[in-house]
Amino acid sequence: MRRLILILGDQLSHSLSALADLDPQADIVLMAEVAEEAQYVPHHKQKIALLLSAMRHFATGLRARGVTVDYVRLDDPANSHSFSGEVARAAARHHPDQILVTEPGEWRVLQMIEGWQRALNLPVTIRPDDRFFCSRAEFAALAKAGKTSRMEYFYRDMRRKTGILMDQGAPVGGQWNFDSDNRKPLSKGARPPARRRFAPDAITREVLEMVAERFADHFGDLEPFGWPVTRAEALAALDHFITDALPLFGDVQDAMKAGEDFLYHSLLSPALNCGLLLPQEVCAAAEAAYKAGHAPLNAVEGFIRQVLGWREYVRGIYWVEMPGYAATNALNAHLPLPDLYWTGDTPMRCMAEAVSTTRRTGYAHHIQRLMVTGNFALLAGLAPAAVEEWYLAVYVDAFEWVELPNTHGMVLHADGGRLGSKPYAASGAYINRMSDYCRGCAYDVAEKLGPKACPFNYLYWDFIDRHEARFARNPRMAMPVRTLRAMEPSRREAIRADATAFLDSLPSSGPAWPLRG
Ligand SMILES: Cc1cc2nc3c(=O)[nH]c(=O)nc-3n(C[C@H](O)[C@H](O)[C@H](O)COP(=O)(O)OP(=O)(O)OC[C@H]3O[C@@H](n4cnc5c(N)ncnc54)[C@H](O)[C@@H]3O)c2cc1C
Ligand code: SF4
């Protein structure tokens with residue numbers, strides 16, 4: 001029995017279910033670098049380099065274990081540049097009895113794989129991806145039982161199920177959530193640790209050269225490139241985070257600072273999402289740091305909540321709600337993406353900082369994504385598909401299963417509240433409280449109206465105004481609606497006028513790339 005085992009670019013784990021009973025004498029592993037995947041949005045150059053380099057290193061590791069790997073490179077002249085085309089070509093080369101794959105992370109790719117049995121006249125086995133705490137089937141059952149309406153309840157279920165940070169059935173420390181301890185701005189003298197980056201080896205350098213040549217028009221700077229691309233580097237990155245950043249991760253989890261790209265965040269999402277690290281070992285390392293007295297509970301719980309809670313929750317939502325999820329537009333948002341998302345060319349310092357970090361590193365931390373670029377997109381009423389395409393393209397960790405619920409649900413509220421009971425909308429005061437951006441900005445965060453006023457201020461009230469009827473029905477939005485209703489009609493009119501004039505002034509060349517259908 002010969003199986004053709006397909007390994008995708010985000011399945012780079014030696015414990016992958018498709019590799020569980022691999023027979024090196026008979027089975028062939030297929031890995032393919034295809035342009036269709038590299039180009040369907042203008043992915044950040046570092047993201048393409050990271051995935052191609054990690055794939056090539058992974059193939060080298062498999063070969064070292066005696067596995068036969070059929071590896072199709074991007075520059076192979078015979079490359080058909082699609083997964084379907086490469087599986088068909090490999091089937092013709094190797095005459096397998098069966099195709100075996102671990103379920104992909106994206107709905108679009110699953111549809112493709114489900115068509116292969118018929119197209120190739122070969123049995124196709126799709127195994128569950130057991131690298132998550134909660135399987136798709138388990139989440140679907142929880143959703144059916146009404147237990148996934150909010151992340152918090154799901155997260156507590158996951159804590160109980162795994163025993164992580166649990167003590168005889170109760171949460172360690174007597175409470176589930178230490179969020180209220182985790183909202184401090186960065187103190188003046190704080191010096192976030194220098195972050196460990198990984199120098200490109202020969203394999204990565206070859207990939208960097210190819211990406212520079214073939215994807216020159218894609219977003220982002222290619223170098224300096226320092227992401228981990230091997231399992232050993234990913235483990236070193238985990239160790240560095242636990243030792244140097246985790247202890248303060250919680251306190252300043254929501255803080256932002258000009259010139260500080262990474263603060264105390266883990267930078268582990270790229271390695272987690274392509275499979276070089278497993279969420280189980282990441283949570284275990286954080287919990288061990290707490291038990292050893294190295295990191296306080298608010299930091300460790302805050303970190304574990306992101307991985308065991310949010311990461312699993314958004315994946316579950318993605319799979320139970322797709323494909324309809326991406327098509328909803330509850331707030332009827334339709335403006336095109338302003339060019340400043342690509343160029344960073346804006347006097348708004350917070351937006352310029354977030355885009356510049358993103359362009360240089362392929363990374364921005366959660367609060368920049370949520371409360372700066374995301375908040376702006378929400379308040380301005382940017383079309384969900386355009387915003388989602390941007391988030392999918394610009395971050396090295398972006399894969400649709402995690403990007404889409406965060407953007408469509410958490411940021412844009414386009415799902416009407418499936419993921420979060422209220423939109424994360426905020427005026428400039430929030431950004432001012434959590435960052436030092438406003439001090440060096442051309443706008444004045446204290447001004448509410450007029451040419452010097454912080455655009456987040458009037459955009460916020462214009463947003464509440466546009467959706468007044470809807471938000472009046474949401475108890476969690478009652479307060480801003482009451483404040484809006486107490487305003488003089490002339491003030492409301494001035495807010496609308498400033499918001500319209502500001503948005504009209506933003507250049508937008510429209511979608512330069514086809515939007516996802
Ligand atoms: C609009 C928007 C788009 C996003 N797109 C992505 C994406 O494409 N890929 C991605 O991995 N994350 C995404 N996130 C979630 C989060 O911003 C990133 O996981 C995080 O910034 C990655 O940096 P880090 O590894 O330093 O995270 P840390 O702050 O150190 O957090 C630790 C880990 O928790 C997980 N995590 C934290 N928050 C979330 C979340 N909301 N959803 C899922 N996992 C989470 C990640 O695996 C992360 O590595 C998005 C958030 C927003 C608001
Ligand atoms: S003043 Fe407004 S636009 Fe400027 S940095 Fe502050 S929040 Fe951003």
Side-chain angles (χ1 to χ4, degrees), residues 10 47 105 151 195 237-238 241 245-246 249-250 252-254 256 258 261-274 277 279 282-283 286 299 302-315 317-318 346-354 361-378 387-388 390-412 419-420 424 426-447 452-460 502:
D10 57 355
K47 179 181 182 184
M151 196 293 283
R195 301 316 293 261
L238 171 61
F241 165 65
L246 177 64
F249 172 89
V252 290
Q253 196 175 344
D254 289 359
M256 299 176 278
D261 294 333
F262 307 130
L263 295 166
Y264 296 87
H265 292 275
S266 70
L267 318 186
L268 294 177
S269 51
L272 275 167
N273 293 353
C274 71
L277 286 177
V282 165
C283 288
F303 177 74
I304 286 177
R305 161 183 300 267
Q306 308 309 314
V307 180
L308 176 64
W310 278 112
R311 187 170 186 270
E312 299 285 322
Y313 186 67
V314 299
R315 175 177 185 257
I317 296 282
Y318 177 81
T346 168
M348 302 174 78
R349 189 167 181 223
C350 52
M351 290 289 283
E353 282 281 333
T361 64
Y363 176 88
H365 60 74
H366 186 64
I367 296 303
Q368 290 177 304
R369 298 187 204 195
L370 180 64
M371 298 311 294
V372 179
T373 46
N375 189 26
F376 185 91
L378 171 74
V387 182
E388 285 147 25
W390 185 79
Y391 277 104
L392 188 63
V394 302
Y395 292 115
V396 288
D397 61 20
F399 293 88
E400 193 183 71
W401 64 267
V402 52
E403 170 274 322
L404 185 70
N406 270 296
T407 311
H408 198 79
M410 191 185 294
V411 158
L412 297 175
L419 194 115
Y424 283 90
S427 68
Y430 175 87
I431 295 172
N432 190 32
R433 189 163 63 248
M434 298 312 299
S435 78
D436 63 352
Y437 296 150
C438 302
R439 265 176 259 152
C441 183
Y443 295 106
D444 184 348
V445 72
E447 291 281 330
K452 289 298 282 177
C454 165
F456 276 103
N457 291 341
Y458 48 75
L459 288 177
Y460 174 80
F502 175 75

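One-based numbering, in listed order, for ligands and for the atoms of each. These numbers come from the heavy atoms of this one structure, side chains and all, not from hydrogens, waters or symmetry mates.
A cation-pi arrangement is found for Arg369 relative to Tyr363, the charged atom lying closer than 6.0 Å to the ring centre and inside a 45° cone about the ring normal.
For atom 23 (O) of ligand 1, the nearest non-hydrogen atom from the set Trp390, Tyr363, Trp401, Phe241 comes from Tyr363. With atom 20 (C) of ligand 1 as the reference point, the heavy atom nearest to it among Glu312, Arg369, His265, Glu388 is part of Arg369.
For ligand 1, the atoms lying closer than 4.0 Å to a non-hydrogen atom of Ala398 are 7 (C), 8 (O). The atoms of ligand 1 that sit less than 4.0 Å from any heavy atom of Tyr391 are 1 (C), 3 (C). The atoms of ligand 1 that sit less than 4.0 Å from any heavy atom of Met410 are 41 (N).
Separation of atoms OG (Ser427) and CG (Asn375) is listed at 8.5 Å; rounding is to 0.5 Å. Considering CG of Leu378 and OH of Tyr424, their distance stands at 12.0 Å, rounded to 0.5 Å. Residue Leu272 holds its CG atom at 11.5 Å from CG of Leu267, rounded to the nearest 0.5 Å. Note: Phe376 CZ to Met371 CE = 14.0 Å, rounded to the nearest 0.5 Å. In this structure, the separation between OH on Tyr313 and CE on Met151 is 8.5 Å, given to the nearest 0.5 Å. Between atom CZ of residue Arg349 and atom OH of residue Tyr443 there is a gap of 15.0 Å, rounded to the nearest 0.5 Å.
Among protein heavy atoms, atom 35 (C) of ligand 1 sits closest to Gln306 O, 3.6 Å. When only non-hydrogen protein atoms are considered, atom 48 (C) of ligand 1 lies nearest to Ser269 CB, 4.1 Å. The nearest heavy-atom contact from the protein to atom 12 (N) of ligand 1 is Val402 CG2, 3.6 Å. The protein heavy-atom contact nearest to atom 7 (C) of ligand 1 is Asp397 OD1, 3.4 Å. Atom 39 (C) of ligand 1 has its closest protein heavy atom at Trp310 CB, 4.0 Å. The shortest contact between atom 41 (N) of ligand 1 and any protein heavy atom is with Asn406 OD1, 2.9 Å. The shortest contact between atom 27 (O) of ligand 1 and any protein heavy atom is with Ser266 OG, 3.9 Å. Nearest non-hydrogen protein atom to atom 33 (C) of ligand 1 is Val307 CG2, 3.7 Å.
Under a 3.5 Å cut-off, the side chain of Lys452 and the backbone N or O of Ala442 do form a donor-acceptor pair. The backbone N or O of Glu447 sits less than 3.5 Å from a side-chain atom of Asn457, completing a donor-acceptor pair. A distance-only check finds no donor-acceptor pair linking the side chain of Ser266 to the backbone of Leu246 [under 3.5 Å]. In this structure, the side chain of Asn406 engages the main chain of Val402 through a donor-acceptor pair within 3.5 Å. For the pair Tyr391 (side chain) and Gly374 (backbone), a donor-acceptor distance under 3.5 Å is present.
Contacts between Phe303 and ligand 1 below 4.0 angstrom, taking non-hydrogen atoms only, involve the side chain exclusively. Counting heavy atoms closer than 4.0 Å to ligand 1, residue Asn273 contributes side-chain atoms (C-beta onward) but none from N, CA, C or O. With a heavy-atom cut-off of 4.0 Å, Phe249 touches ligand 1 through its side chain alone.
Within the protein, the N, O or S atoms lying under 2.8 Å from atom 4 (Fe) of ligand 2 are Cys441 SG.
Note: His265 and His365 have parallel aromatic rings, judged against thresholds of 30 and 60 degrees for the angle between ring planes.
Between Pro279 and Val307 the shortest heavy-atom distance is CB-CG1, 3.8 Å.
Considering backbone and side-chain atoms together, His366 places an N or O closer than 3.5 Å to an N or O of ligand 1. Remark: ligand 1 and Val411 share no N or O pair separated by less than 3.5 Å (distance only, no angle test).
At a 4.0 Å cut-off, at least one heavy atom of Phe399 sits close enough to ligand 1 to count as contact.
Applying the side chain to side chain contact (heavy atoms under 4.5 Å, CB included) criterion to Val411, with sequence neighbours excluded, gives Leu370.
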